[in-house]
Amino acid sequence: MKTISALQKVRSEYKPKLPKALRDGANVEAKRGKPSGAAGDEDKIQELFPNLFGQPVMEFSNAGGKKSAQAINVGVILSGGQAPGGHNVIAGIFDGLKSINSDSKLYGFKGGPSGLTDGKYIEITAELLNEYRNTGGFDIIGSGRTKLEKSEQFEKAKTVCEGLGISALIVIGGDDSNTNACLLAEYYKEKNVPIQVVGCPKTIDGDLKNDLIETSFGFDTACKVYSELIGNISRDANSARKYWHFIRLMGRSASHITLECALQTQPNLALIGEEVAEKEQTLSEVVDQIVEVVLARSAKGMDFGVVLVPEGLIEFIPEIKKLIRELNDLMAREEHSLGYLDGDAEKLKFIKSKLSGEISSVYASLPEQIQMQLAKDRDPHGNVQVSLIETEKLLIAMVQKKLKSFKAAGTYKGKFTVQNHFLGYEGRCAQPSNFDADYCYSLGFTAAALIGAGASGYMASVRNLVKPADEWICGGVPLTLMMNIERRHGENKPVIRKALVDLEGKPFKRLLADRAKLAVETAYLYPGPIQYFGPHELCDRITETLLLEKT
Ligand code: FBP
């Protein structure tokens, strides 16, 4: 039996590129900017984070390899959904820490944040790490979605860290996990606990970004994997010419993945949740938009096509958004009573009886399967688990119904045969692209440098990503600078602001410019698989989103 694939073997030799500032190790010069603010609700954020608020942005430059005398013990956590490149972040942290002092140690907490509070850990050694360099997945230590927000959890974590001589923690996670990192950093500063907390921007969803965090890691690889598959499906559609393919794509809230994949593959229609919200489109109007494309293609003899549906779409449709908000509050409030109810029918009856009039009829108008999916348990951060809601099937059923009425009226003579797909887990653990392998390694190295510089309450930042890695700029962004107040679990909470698709931004504008043509023409692009070896323009190609946003 083989233990690794041929690609893994060759790929393990890959040496990720680093920015110039980190070339001689993680012991860097740190330049600090002006005091920072917050993404919104500044007064409230200042009140909630008095010890962290206002920290300056940090930018690193090469210190010429000067060594620090002190060894540092650091703990790392992988938090939330998998994203390609996580192992390289850990490799970057490890190599960075060793460059500061070869006696530094890295501990990995197992299964996410709960590993930290329960004291479940392994020491990450050079030998262990070598098996994981440049590989996908989070399996070196595993991940989890436990929310770290209570002082008892922070105290437990402190005891575990003290036992291991850990003076810094690195949380690799998305917006919610980095919000937790900020709460933890504030608590330790407040209590004079000598443990630094630093975050790294992870999520395939691409919604953890701003001027200083240009993209979250994993977005690049995941979108390339999905685009390869969409390209293959589109070619099948164009060959068989008998199916409409509805492809739902991951991305819990924002539609960045769908937008990026649409730019890479040119389907007939890509729905964008943020646009639906902006135009206040009802569910029925979204269905009309799809029907229009189906009719137009059918009139030209093309009873086939490809539609991309972001999994978060449902939350952007105004009437469903209101419904979800009321459901979230209701489920948080009635958690106890719901726990006593037996079976789906009982649960649905109870929920319907508690929803307000108008909202209750929106809920009742949805197919029972979708009603049930909407009422499933929230994740620990209070989010609806949209990956479990089959929005594409809801749309297909509604499109079928409308087409039937056109057929009866004699205005449509085509055929509408559908295949549905959901692309999500296929991309989250893919072998990282060269971009993600390099970016992640640089993020990890930067996190080590932040620790070396004594920072806490920061996120590692590597930017200028459209340029070669040599010219990437690295440093730290205060976590409080990215925060605002949002409603979660029925309460107003400080959270890192999610970056939704900017409807004024170049990526969306590009989609819009081509939309009418793409609906009636068959202009699919077939990106093929990620290339790891070969010409630079193929192997180091960045996402269309990054390219359009930053050039
Ligand atoms: P993160 O935000 O934690 O990175 O996870 C993103 C994501 O992949 C979403 O796209 C998806 O909706 C969700 O995780 C699925 O969650 P789970 O892994 O719990 O099934």
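First listed ligand is number 1; within each ligand, the first listed atom is number 1.
Ion pairing between Asp176 and Arg145 fails under the 4.0 Å rule for side-chain N and carboxylate O. Ion pairing between Asp436 and Lys224 fails under the 4.0 Å rule for side-chain N and carboxylate O. Salt bridge Glu486/Lys498: absent, no basic N to carboxylate O contact under 4.0 Å.
A search for salt bridge (Lys or Arg N to Asp or Glu O under 4.0 Å) contacts involving Asp205 returns nothing, not counting sequence neighbours.
When heavy-atom distances to ligand 1 are checked against 4.0 Å, the residues falling inside are Gly80, Gly81, Arg145, Lys202, Thr203, Ile204, Asp205, Met250, Gly251, Arg252, Glu311, Ser387, Tyr425, Arg428, ordered by chain and number.
Judged purely by distance below 3.5 Å, without hydrogens or angles, the side chains of Glu260 and Gln264 pair a donor atom with an acceptor atom.
In this structure, Arg515 places its CZ atom where more than 12 heavy-atom neighbours from other residues, nucleotides or ligands lie under 6.0 Å away.
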